[in-house]
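Contents: one structure, followed by commentary.
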Amino acid sequence: MPASSRLRTALRPALPAVVLLFLAVATQAGAPRRVLDFLDFGTGVLALVSLTGTVLWGLAATDRLLLHSGHRLIAQAVHRGTGVAGLGFLALHIGVKIARGRTSGTAAAVPFADDGRPLLIGLGTLAGYLFLAAAVTGAVRGTFTSRRGSRWWRVLHMGAYVAWCAALVHGLKSGRAAGGWVTAGYMLCVAGVAVVLVLRLREPQRGRAPYRPPPGAETGGPRGPDRVARHSRGGRA
């Protein structure tokens with residue numbers, strides 16, 4: 001047996017002991033409390049950042065002026081990935097807040113049911129439901145194939161924009177006081193999404209080709225030029 005293989009075999013039983021020793025030292029140093037403190041205030045920010053990226057990449061995936069079809073496919077993949085990450089951080093955010101007594105399970109499940117801050121906590125709960133509805137309808141988009149189903153899918157998916165605005169207010173006002181640079185950054189995000197959304201809403205009108213009548217429509221049919229020629233000769237063939 002090579003020397004490297006013998007060394008790995010000898011060190012393998014020591015690995016669990018090293019891991020346990022590391023966990024014991026980290027616990028003694030207060031690492032779990034610091035991790036919980038970070039999760040208490042960091043998971044909401046991570047969720048908002050991820051969901052902001054989801055909104056921006058979703059808007060970018062619809063662009064037909066600058067992006068080719070391959071680029072739009074990449075944008076759609078990033079849009080889905082950031083959406084899944086955002087929902088994961090959102091679930092962790094809710095779980096940590098309930099575990100640390102920041103809110104109750106009822107307030108997290110029922111909008112505007114919090115005793116202390118019903119409006120601000122309720123906006124977060126409402127945003128969570130709207131984001132979840134957009135994610136579910138996006139995952140099962142193939143079932144909305146009819147004209148009426150397509151309209152419902154668009155309405156439910158557009159609810160993500162309302163959810164994002166509600167999440168911004170919830171993040172700014174329900175937690176620790178945000179600094180000036182944080183507020184300015186949020187406002188820049190709002191302005192950026194608003195501009196891209198306006199461009200998206202105006203894109204079908206810009207991209208629509210002008211109507212051109214078929215050949216001969218101006219003269220009454222495909223034989224219109226012959227009729228014009230006969231008319232110019234006084235009706236003689």
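Throughout, residue positions are numbered sequentially from 1 according to the sequence presented. Just so you know, these numbers come straight off a predicted model, no measurement behind them.
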Set of side chain to side chain contact (heavy atoms under 4.5 Å, CB included) partners for I98, sequence neighbours left out: I94, T103, A108
Just to verify, what does H157 make a side chain to side chain contact (heavy atoms under 4.5 Å, CB included) with, not counting sequence neighbours? H79, A134, T137, W153
Would a hydrophobic clustering, with Ile, Leu, Val, Met, Phe, Trp and Tyr connected at side-chain separations under 4.5 Å, put [X] with [Y]?
| X | Y | result |
| --- | --- | --- |
| L172 | L120 | no |
| V55 | M158 | yes |
| I121 | V169 | no |

Which residue pairs satisfy the salt bridge (charged side-chain N to carboxylate O under 4.0 Å, His left out) criterion with at least one member in residues 109-137, sequence neighbours excluded? none
Are the side chains of L56 and W164 in contact, using a 4.5 Å heavy-atom criterion? no
To the nearest 0.5 Å, how far apart are [atom1] in [X] and [atom2] in [Y]?
| X | Y | atom1 | atom2 | answer |
| --- | --- | --- | --- | --- |
| F131 | L90 | CZ | CG | 8.0 Å |
| H93 | L39 | NE2 | CG | 11.5 Å |
| L92 | L87 | CG | CG | 12.5 Å |

Among V84, L46, V49, find the one that has a side chain to side chain contact (heavy atoms under 4.5 Å, CB included) with F89. L46
Taking T125 for its side chain and A107 for its backbone only, find out whether a donor-acceptor pair lies under 3.5 Å. yes
